[in-house]
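Notes follow once the structure below has been shown.
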Amino acid sequence: MYTLYWGPNSAALAPQILLEEIGAKHELKRIDIASNQHKSPEYLKFNPNAKIPTLVIDGKQVIFESAAICLYLADRHPEAKLAPAIGDPARGLYYQWLVHLTNTLQPNYLSYYYPDRFTDDAKGTDAVQSRAKTELGEIWGRIDKALGEKGPYFLGDRFSGCDAFLFMLANWQEPIPDLYSRFKHVKRCADAVGARPAVQRILPANGIAA
Ligand SMILES: N[C@@H](CCC(=O)N[C@@H](CS)C(=O)NCC(=O)O)C(=O)O
């Protein structure tokens, strides 16, 4: 039994998609960031970084970091085919894109949403956000080009955890509201993920239009 500490349209979305794709028994426990629940002593015991998501397995093992949770779930449920098997050459691409999304693209969203954490200059937050928006456009542009060479998914016609991660980040629309009109291959990938029955089931809870 999995427990996912979660919030709507947050970094918990990709893990939530994978749990649904797997059909794994799970419960969602909502952590309300606006009321600082992620900083409560109870939650910090699970995730001392004060971030969502956190996954708890059978009330015992705890994993934080959305990409790590995705990798873990895909490996623990190979029958769901959310990752190429070890030894499959496509496994390298799967690692590449998931790590790129979490390590290169996602930090720019965090700079945009939490600019005060990226400068000691109280007047510098606009510049941090502006730089983050520029970076986001450039990184998405390169991803779009790669998806245009294959697609609709990162591994061609084979859905994997990377695509759930793309869908999550593509739905953080405030810094780059014209994402889908600028990057049609990103849109094609997000549309393909969004049309999957497992994803359709969880869109309303995440406040994302079906
Ligand atoms: N690298 C972490 C980032 C998680 C993250 O920043 N989550 C946001 C919600 S989308 C959060 O908990 N923000 C609260 C805060 O940073 O104070 C992951 O991917 O799990």
Side-chain angles (χ1 to χ4, degrees), residues 2 4 9-26 53 55 63 65-106 108-109 136-173 176-210:
Y2 294 109
L4 182 66
N9 203 10
S10 73
L13 180 57
Q16 187 190 8
I17 289 174
L18 295 203
L19 285 166
E20 282 291 326
E21 287 280 346
I22 291 163
K25 201 167 169 215
H26 65 279
L55 185 73
I63 305 181
E65 285 295 343
S66 52
I69 295 170
C70 290
L71 289 163
Y72 177 83
L73 288 172
D75 284 355
R76 199 165 191 233
H77 299 276
E79 71 289 350
K81 298 192 187 314
L82 296 170
I86 291 175
D88 181 333
R91 181 104 175 167
L93 275 187
Y94 158 78
Y95 282 144
Q96 171 190 296
W97 286 118
L98 190 54
V99 172
H100 185 65
L101 291 173
T102 192
N103 191 48
T104 301
L105 187 59
Q106 190 182 9
N108 285 287
Y109 282 98
L136 286 169
E138 288 176 4
I139 300 165
W140 275 119
R142 292 192 292 270
I143 291 172
D144 192 62
K145 189 161 175 283
L147 286 170
E149 284 158 16
K150 241 188 195 174
Y153 298 126
F154 280 112
L155 306 180
D157 55 10
R158 180 174 177 183
F159 173 77
S160 74
C162 311
D163 308 300
F165 217 89
L166 174 142
F167 184 79
M168 175 178 90
L169 297 178
N171 274 287
W172 298 353
Q173 289 177 347
I176 182 159
D178 55 352
L179 180 75
Y180 291 148
S181 57
R182 278 170 74 184
F183 303 120
K184 64 177 192 292
H185 304 297
V186 171
K187 180 175 188 316
R188 182 176 62 156
C189 183
D191 284 348
V193 176
R196 297 176 68 84
V199 181
Q200 285 278 311
R201 286 197 291 275
I202 63 170
L203 291 181
N206 281 285
I208 299 171

key: Of Leu93, Leu98, Leu101, the residue whose pairing with Phe154 passes side-chain contact (heavy atoms from CB on, under 4.5 Å)   = Leu101
note = What one should report as the nearest heavy-atom pair of Leu4 and Pro15 is CD1-CB, 4.1 Å
inquiry  = Measuring from atom CE of Met168 to atom OG of Ser10, what distance do you get when rounded to the nearest 0.5 angstrom?
reply    = 8.0 Å
remark   = When rounded to the nearest 0.5 Å, the distance separating CG of Leu169 from CG of Leu13 is 9.0 Å
NZ/NE/NH1/NH2 to OD/OE distance under 4.0 Å, Asp75 and Arg91 = yes
query = Is there a side-chain contact between His26 and Glu20 (heavy atoms, below 4.5 Å)?
reply = yes
ask   = Do you know which two heavy atoms are closest between Ile22 and Ala80, and how far apart they sit?
value = CG1-CB, 3.8 Å
note = Tightest non-hydrogen contact, residues Val186 and Asp144, listed as N-OD1, 2.9 Å
ask   = Should Glu21 and Val199 be marked as a side chain to side chain contact (heavy atoms under 4.5 Å, CB included) after you check the CA-CA gap, both sets of side-chain angles, and the distance that decides it?
value = CA-CA 8 Å; Glu21 287 280 346; Val199 181; 4.2 Å; yes
task = Mind listing the closest non-hydrogen atom pair of Trp140 and Tyr109 along with its distance?
result = NE1-OH, 2.8 Å
ask   = Looking only at heavy atoms, what is the nearest atom pair of Arg201 and Pro204, with distance?
value = O-CD, 3.8 Å
request  = Assign the ring pair His77 / Tyr2 to parallel, tilted or perpendicular, where the plane angle (0 to 90°) is split at 30° and 60°.
outcome  = perpendicular
query = Can you tell me how far CG of Leu136 sits from CD1 of Ile176, rounded to the nearest 0.5 angstrom?
reply = 6.0 Å
query = Yes or no on salt bridge (charged side-chain N to carboxylate O under 4.0 Å, His left out) for Asp163 and Arg196, after CA distance, side-chain angles and deciding distance?
reply = CA-CA 11 Å; Asp163 308 300; Arg196 297 176 68 84; over 6 Å; no
query = Minimum heavy-atom separation for Cys189 to Pro152, with atom names?
reply = CB-O, 3.1 Å
query = For the atom pair CZ (Phe165) and CD (Gln106), what is the distance rounded to the nearest 0.5 Å?
reply = 4.5 Å
remark   = Rounded to the nearest 0.5 angstrom, the NZ-CZ distance for Lys145 and Phe183 is 13.0 Å
key: Rounded distance [0.5 Å steps], OH in Tyr94 versus CG in Asp88   = 11.5 Å
inquiry  = Quick check against the 3.5 Å criterion: does Arg158 have a side-chain atom that pairs as donor or acceptor with the backbone of Lys81?
reply    = no
Derivation and outcome, side chain to side chain contact (heavy atoms under 4.5 Å, CB included), residues Ile143 and His100 = CA-CA 10 Å; Ile143 291 172; His100 185 65; 4.1 Å; yes
key: Whether Asn9 side chain and Asn171 backbone form a donor-acceptor pair below 3.5 Å   = yes
query = Is the number of heavy atoms from other residues, nucleotides or ligands within 6.0 Å of CG (Asp178) greater than 12?
reply = yes
request  = List in chain and number order the residues that pass salt bridge (charged side-chain N to carboxylate O under 4.0 Å, His left out) with Glu79, two or more places apart in sequence or in another chain; answer none if no residue qualifies.
outcome  = none
